[in-house]
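Down below is the structure, laid out as structure tokens.
Just the heavy atoms: all of them, side chains too, but no hydrogens, waters or symmetry mates, feed the values below. Numbers here simply count residues along the sequence, with the first being 1.
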Amino acid sequence: MFRQADPGVPADDDLLAELGRDAVATVRAAQDDLVRAPLDRLLIIQGGPGTGKTITALRRVAWLLDEGLLDDAETLVVGPSAAFARYSDDVLTSWGYDRVAHRSVTALLPDVAVTVDELPQVTRLKGEARMARLLARAFEERPGSSSPGELPESIEIEGRTIRLDPIALRRVIDTARASEAAPIARRILLRATLVADTRDPRLVLEAADRLAERLWPSLDPQGFLRELFGSRELLASAAGGEFTDREIESLHRPADEHGWGETDLPLLDEAAHLIDGDPKGFGHVVVDEAQDLSPMQLRAIARRSTTGSMTVIGDLAQSTGPWARDDWHDLIAQLPSAQPHEHRELRFGYRIPRQIFDLAAELLPMAAPSVPAPLTVRDGADPVIVPADPGTRASLVAAAAAGHAEQGRSVAVLCPARCRAEIIAGLDAEGVAWQPGAAGPGIALLAPHEAKGLEFDAAVVVEPGHILDDDPRGHRLLYIALTRSIGHLHLIGAPEDLPIEPTVSEISDTSPEAAVEIELDAATDETINMTVQSMAESLLGTLTPELWPVALSRLEQLINPEA
């Protein structure tokens, strides 16, 4: 089915290959049921962290191409970032499909510099579906447009008078407006109407072009949007009763402010659609991490679909930000309706170890009560729980991240905003190399929402209590943070915010020889507790569980070399 050495397990899905034969067969059968879904539908795949949503969608593309149901040049894969686009391109190209288009959502939209940070309420407003109706009304009402009652009876071309039929003109204008056709389509319709039964088509076509320019003046999307947002009067006229005065004021900005915000990009794409018609279309469109897209972003993606055939993947339990959703209905409303809609789930998780996912799954009843937890089928290392106070937190994080990096692992430090400066200072003080974002190898410092869709060999989650408290969707953000690791997880933070508080007995030698009871006075007992706690924190923050016995053995040798 796939043009590679082992069609059963794609080359990049090495974690699946680690499972036993029966487990691989079970997981693959569940995925194949979705991979082979018919092309003539809008398929929505809900899947939790580690269920292989992305690889399943890419395998679906490969199957459709191999079956001859698609042409790879007519296929588009859209994801949340440029890094995702590179990944999906690398995977499909390695399988032999090198003509598929791969784009981030931003790269799919008009290429303009984003220089404006907007208020949250403006971000939310500009993403709403009613913005499309506001732009459509503004387009019809824009200054310079002529109404049928203002049409000329004739046009002079090269000294000759070209007579116009007002009845035919009114008919073609009404038809064009009723069809919501773009200006270029309206011009074609006007030309065809005027040139019919004429003896001199060249002059008539020139007259048609002049009349079209008068009726539908040439526009560019940026100029159109800048003019609209620069006028309270134009905004109020185009509002159509759907916007309050306060919302109109939020959209308004002085005409001399020329910068664009990220939420303006889908609006510019909508304007380009009104002016020039639909962009290049594709026979099948895949959309990854769809759960957070605004209605206007979804409209922009949907208009790239010529047939309505799409594969939409995401996880509602990871839906955060301005467009956090609790169900798929709002999202589906913005997608094509020409094909039947089918909603399916991936049931098996295999990329995240069971020990890590079981911890994260405790958040699901609060984060997304309607989303069932996938059944995890791979074992791994237990999470490492490290109590810390503000004085030790940064150094413990630096030690944990550096320890994993020294083992050749990819590492994410997932940190709430209020701790970021402190953690950066701690990493720098310890000489630990790091980078903002995950553009390359090494230790990545990320906010939880920035890590969505990414995987790392090890994750260090800082102050889970802060992550919960700092956002209305804190349970989902912590769920995301806890499920970024495919191997090792450290939780470092205030003891009261950790799922369990480790004791010395959990990390020390439990042999009978070590269990000798000695009566101690209170001062000595306190000194021992402080010393052992310090040693335990260092051990937990630096080494992974499988190395603890080695470290304890060497410590005993140092203390008592003759033992």
Side-chain angles (χ1 to χ4, degrees), residues 1-2 4 6-37 43-64 77-81 83-92 94-95 97 100 102 286-291 310-319 342-358 360-361 364 371-380 410 451-457 459 479-480 482-487:
M1 181 170 62
F2 300 102
Q4 54 174 330
D6 182 3
V9 179
D12 78 311
D13 216 354
D14 53 338
L15 293 175
L16 181 59
E18 291 179 7
L19 301 177
R21 179 175 297 180
D22 290 344
V24 170
T26 299
V27 172
R28 186 43 45 90
Q31 292 180 346
D32 285 349
D33 191 37
L34 303 183
V35 166
R36 296 186 174 93
L43 178 64
I44 300 166
I45 300 177
Q46 158 75 39
T51 54
K53 296 186 294 295
T54 299
I55 202 68
T56 299
L58 296 181
R59 289 182 63 234
R60 173 163 165 73
V61 168
W63 182 80
L64 291 170
V77 178
V78 182
S81 65
F84 171 87
R86 289 192 297 270
Y87 165 75
S88 61
D89 192 0
D90 289 345
V91 171
L92 284 178
S94 73
W95 295 348
Y97 314 104
V100 174
H102 301 263
V286 175
V287 189
D288 200 356
E289 296 290 345
Q291 70 274 357
M310 302 178 74
T311 301
V312 179
I313 56 180
D315 180 12
L316 290 176
Q318 299 182 65
S319 183
E342 184 176 353
H343 187 173
R344 304 286 292 278
E345 292 192 9
L346 282 169
R347 298 171 44 231
F348 298 103
Y350 61 92
R351 301 191 64 79
I352 299 169
R354 175 184 54 79
Q355 291 84 344
I356 292 177
F357 189 81
D358 284 352
L364 272 178
V371 176
L375 177 64
T376 52
V377 295
R378 185 169 71 89
D379 280 326
S410 59
K452 195 177 298 184
L454 302 178
E455 288 181 342
F456 300 86
D457 297 324
Y479 180 72
I480 291 166
L482 295 179
T483 55
R484 293 311 93 199
S485 171
I486 58 175

In Å and rounded to the nearest 0.5 Å, what is the [atom1] to [atom2] distance from [X] to [Y]?
X: L346; Y: L375; atom1: CG; atom2: CG; answer: 12.5 Å
X: Q318; Y: E289; atom1: CD; atom2: CD; answer: 6.0 Å
X: L482; Y: I356; atom1: CG; atom2: CD1; answer: 9.0 Å

- Under the side-chain contact (heavy atoms from CB on, under 4.5 Å) rule, collect the residues that match up with D358, sequence neighbours excluded. R354, T376
- Message: Test of understanding: with side-chain contact (heavy atoms from CB on, under 4.5 Å), list the residues that count as partners of S81, not counting sequence neighbours.
- Response: A83, F84
Minimum heavy-atom distance between [X] and [Y], given as atom pair plus value:
X: P374; Y: G349; answer: CB-N, 4.0 Å
X: V35; Y: W63; answer: O-CE3, 3.5 Å
X: T51; Y: Y350; answer: O-CE2, 3.7 Å
X: T483; Y: I352; answer: O-CD1, 3.2 Å
X: L43; Y: A37; answer: CD2-CB, 4.0 Å
X: L316; Y: Q46; answer: N-OE1, 3.2 Å

- Task: Please report the C-alpha distance between F456 and S485 in whole Å, then the side-chain angles of each, then the deciding distance to 0.1 Å, and finally whether the side chain to side chain contact (heavy atoms under 4.5 Å, CB included) criterion is met.
- Result: CA-CA 5 Å; F456 300 86; S485 171; 5.8 Å; no
With a 3.5 Å distance limit and no angle check, can you tell me whether [X] reaches the backbone of [Y] through a side-chain donor-acceptor pair?
X: S319; Y: Q291; result: yes
X: S410; Y: D457; result: yes
X: R60; Y: Q31; result: no
X: K53; Y: I313; result: no

- Step by step, would you call R36 with R59 a side chain to side chain contact (heavy atoms under 4.5 Å, CB included)? CA-CA 9 Å; R36 296 186 174 93; R59 289 182 63 234; 5.7 Å; no
- Close side-chain approach of V287 and T311, heavy atoms under 4.5 Å: no
- Close side-chain approach of D288 and V78, heavy atoms under 4.5 Å: no
- Message: Before you tell me yes or no, could you show the steps for Y479 and D315 under side chain to side chain contact (heavy atoms under 4.5 Å, CB included), namely the whole-Å CA-CA distance, both residues' side-chain angles and the distance that decides it to 0.1 Å?
- Response: CA-CA 11 Å; Y479 180 72; D315 180 12; 4.1 Å; yes
- Query: Does a salt bridge link E455 with R484, judged by any charged N lying under 4.0 Å from a carboxylate O?
  - Reply: no
- Query: Which is it for Q355 and D379 under the side chain to side chain contact (heavy atoms under 4.5 Å, CB included) test, yes or no, and what are the steps along the way?
  - Reply: CA-CA 7 Å; Q355 291 84 344; D379 280 326; 3.7 Å; yes
- More than 12 heavy atoms of other groups within 6.0 Å of R344 CZ: yes
